[in-house]
Amino acid sequence: METRKKKLIEVALPLDAINRESAREKSIRHGHPSTLHLWWARRPLAACRAVLFAQLVDDPSSHPDKFPTEEAQKKERERLFNIIEEMVKWENINNERVLEKARKEILKSTDGNPPPVLDPFCGGGSIPLEAQRLGLKAYASDLNPVAVLITKALIEIPPKFAGRSPVHPGAQTSSQSHGAKGLAEDVRYYGKWMRDEAEKRIGNLYPKVKLPEEYGGGEATVIAWLWARTVKCPNPTCGAQMPLVRSFALSTKKGKQAWVKPMVEGNQYRFEVRTGEGKPREGTMNRRGATCLCCRTPVPFDHIRAEGKAGRMRQRLMAIVTEGPRKRIYLEADTEHVRVAKKAEPKWKPGGELQGKCRVSVPLYGMNTFADLFTPRQLVALTTFSDLVMEARERVHEDAIKTGMTDDGKGLDDEGT
Ligand SMILES: [Zn+2]
């Protein structure tokens, strides 16, 4: 019986280099799949690449004929470590010389016939992408259709456009397009068209915010409006629209702490934003229910749910978040911003009933359809982008025909053009 060969991953890995490069990927702003599509548990590409390599390449101790002494094995292991250390660097992601070296090692350890890689729960597609980069045949699946879509866009679609020129108007068709560069240029072009078109159509619903002098003045783009849901306090002598807030903290990062400070007067209140020394008061929600911000009456979930089901749950703007030159800036709620948000009127909404158990069982609060999970402004934005996808598709089709491509009536999944 043939003794099983030990793989490099079973013996040692240059973990410091792999960890360092994996951590660095989080701050890469250009060229990384995470900048094109969010995935919640995206695995670092460097770690996937290194692990795939080390799972396929033999540890030198598996070849006592070639490396008879521990000293010789150690030396060979160091050579393999050097390949990994080069391979995990972001700068080498398209470095054919470095990748070819890695592919050769894999072929050497697998008698020129490396096994295919299967990732049955591929998520953001990091593992099949890196398998493909290392010259391996990759298979992937996922139960989540979003994961399947983004993995297809990452791995399956670009090779179909290899060497093709871009089709958008004004594209340089004369220059030879290398790899999927032509496709990438088109994605950027039509993506920008969609973004600009969306701004024309619904930009009025997204007002900019005036920065206070302490932040250098001028205007900034809002990245989030933070709202609190409210219900009426059941205490008849109070009757405040009590905010339901788990935490008043806005940022807990050291040196960048910010929080909302509610200022109460009778059954009225407003929210101020504080930064620097100090800390936020406790939220108004806990496992047992809520506490009224104004009169401190404990309010059970039954009351909150009944108010929700009766359609009486409201919203109150707590704070505005904007991207400053160096850090996020948190600003106080602004009546103009509340007015604009209330102006949004979606022309369409997803009406499907929510089924089964969610992490928070929202139907208990009277939210019964998918549309209930969104604010009107969010529905307007989602509908606008959804319409623009179809319009962009028509444009791409027309422009592609103009460059001389033919429509064979078949989709990409059907080996069509
Ligand atoms: Zn109260």
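Start at 1 and go down the list; that is how both ligands and their atoms are numbered.
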Could you walk me through whether Ser62 and Lys7 satisfy the side-chain contact (heavy atoms from CB on, under 4.5 Å) test, starting with their C-alpha distance in whole Å, then the side-chain angles of each, then the deciding distance to 0.1 Å, before giving a yes or no? CA-CA 8 Å; Ser62 299; Lys7 295 294 178 182; over 6 Å; no
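- Shown here are the protein N/O/S atoms lying under 2.8 Å from the Zn ion (ligand 1), water excluded: Cys233 SG, Cys238 SG, Cys292 SG, Cys295 SG.
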Evaluate the criterion side-chain contact (heavy atoms from CB on, under 4.5 Å) for residue pair Leu134 and Arg49; output intermediate values, then yes/no. CA-CA 8 Å; Leu134 290 174; Arg49 202 176 310 132; 4.2 Å; yes
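- In terms of modelled atom types and a separation under 3.5 Å, the side chain of Asp119 and the main chain of Ala140 share no donor-acceptor contact.
- Side chain of Thr284 to backbone of Val245: a donor-acceptor contact under 3.5 angstrom is found.
- Between Trp225 and Tyr206, the two ring planes are tilted [angle within 30° to 60°].
- Salt bridge present: Glu130 and Arg133 bring a charged side-chain N and a carboxylate O closer than 4.0 Å.
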